[in-house]
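Residues take their numbers from the sequence shown, with the count starting at 1. Counting convention: from 1, in listed order, for ligands and their atoms alike.
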Amino acid sequence: MALNVIMLGPPGAGKGTQAERFARRHGLPKISTGDILRDGIKQGLPLALEAKERMDRGELVDDETMVGIVRERLSRADTAAGFVLDGFPRTVFQGRALDAFMEDRHNGPLIVVDIVVLEDELVRRLSTRRICSKCGANADPTDTAATSCGHCGGVLVYRTDDNDRVVIERLRVYAENTRPVVDYYRERPTFRMVNGAQPPDLVAQELEVTVVDAARAGAAVSLGAPRQAAG
Ligand code: AMP
């Protein structure tokens, strides 16, 4: 059965970093909708260029565009053993579209992980974080002196949507649109929370144990065992 994981959590919770690590460890594709959009902008694709203004303001890109992007990406052969989705769904509309798609796919349950971090810590992280201009990886936040990417040597830059005003807007947009997505999934046996306020290695360890446990619960449900309460 495929390992289909989605990472929820506010901007700055460490979703991208953890999704990347988890995907690498399990040999799964990490699919980040933010990365897909940023790549599209670099390539000058019209749909992505249209999205750029909204991204730079910290607003969400429209649901139809995002559902189209994810549908296409999840239809590719490299997702047969599963995937790790980072940054999608961000609205209940997108969550419903993903459920419909998963039903058509018929390839294992959806494991939903919510990475939880308090708002003060998020603002601090977001206003100091940098990414690689070449491969898009997050820079190590503890190594503030580094100027180049530890993976590919590309130059580290601040994201254009990480200035203070935009950070506040992104957190507001998260509370309004994306927190309801957490509630949309909360009662499922495959929903789990992970403490994102720990050092990244500990978050990764907790995530690993948590996903294995959720996958077991998901398999039990699809085999007809009685539903367990989400923990
Ligand atoms: P991220 O790298 O995930 O923080 O995404 C950066 C920006 O891309 C977001 O602030 C949105 O403007 C846009 N974006 C990424 N994923 C989505 C999505 N699922 N729905 C709407 N907008 C998105």
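Residue contacts with ligand 1: Asp35 is placed with no nitrogen or oxygen under 3.5 Å of a nitrogen or oxygen of the ligand (distance criterion only). The shortest N or O to N or O distance between Asp86 and ligand 1 is not under 3.5 Å. Geometrically, ligand 1 and Arg54 share no nitrogen or oxygen pair separated by less than 3.5 Å. For ligand 1, one of its N or O atoms has an N or O atom of Gly87 under 3.5 Å away. Considering backbone and side-chain N/O of Thr33, one or more are found under 3.5 Å from N/O of ligand 1. Considering backbone and side-chain atoms alike, Gly58 places every N or O at 3.5 Å or more from each N or O of ligand 1.
Of the candidates Glu59, Glu53, Arg90, Arg57, the one placing a heavy atom closest to atom 23 (C) of ligand 1 is Arg90.
Taking atom 22 (N) of ligand 1 as the reference point, the nearest protein heavy-atom neighbour is Val61 N, 3.0 Å.
Checking side-chain atoms of Asn177 against main-chain N and O of Val173 turns up a donor-acceptor pair under 3.5 Å.
Screening Asp86, Val194, Ile115 for a side-chain contact (heavy atoms from CB on, under 4.5 Å) involving Gln18 leaves a single residue, Ile115.
Taking every non-hydrogen atom of Arg170 and a distance limit under 4.0 Å, the qualifying atoms of ligand 1 come out as 4 (O), 10 (O). Taking a cut-off of under 4.0 Å to the non-hydrogen atoms of Gln94, the atoms of ligand 1 that pass are 18 (C), 19 (N), 20 (N), 21 (C). Shown in contact with Leu37 at under 4.0 Å from a heavy atom are these atoms of ligand 1, numbered in order with element: 8 (O), 13 (C), 14 (N), 15 (C). Every atom of ligand 1 is numbered from 1 in the order shown, and the set under 4.0 Å from a heavy atom of Arg38 is 2 (O), 6 (C).
Here the side chains of Asp104 and Arg71 are in contact, with some heavy-atom distance below 4.5 Å.
Few gaps surround CG on Leu49; more than 12 heavy atoms of other groups in view lie less than 6.0 Å from it. Atom CG of Asp120 has 12 or fewer heavy atoms from other residues, nucleotides or ligands within 6.0 Å. In the displayed structure, Glu119 atom CD is contacted under 6.0 Å by at most 12 heavy atoms of other residues, nucleotides or ligands. Under a cut-off of 6.0 angstrom, the local environment of CD in Glu72 is crowded, with over 12 non-hydrogen atoms contributed by other residues, nucleotides or ligands.
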Dump the intermediate steps for side-chain contact (heavy atoms from CB on, under 4.5 Å) on Asn4 and Leu110, then the final yes or no.
CA-CA 5 Å; Asn4 311 308; Leu110 197 59; 4.2 Å; yes
Mind running salt bridge (Lys or Arg N to Asp or Glu O under 4.0 Å) on Lys15 and Asp114 for me, showing each step along the way?
CA-CA 9 Å; Lys15 294 187 299 289; Asp114 183 27; over 6 Å; no
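With a heavy-atom cut-off of 4.0 Å, Met66 touches ligand 1 through its side chain alone.
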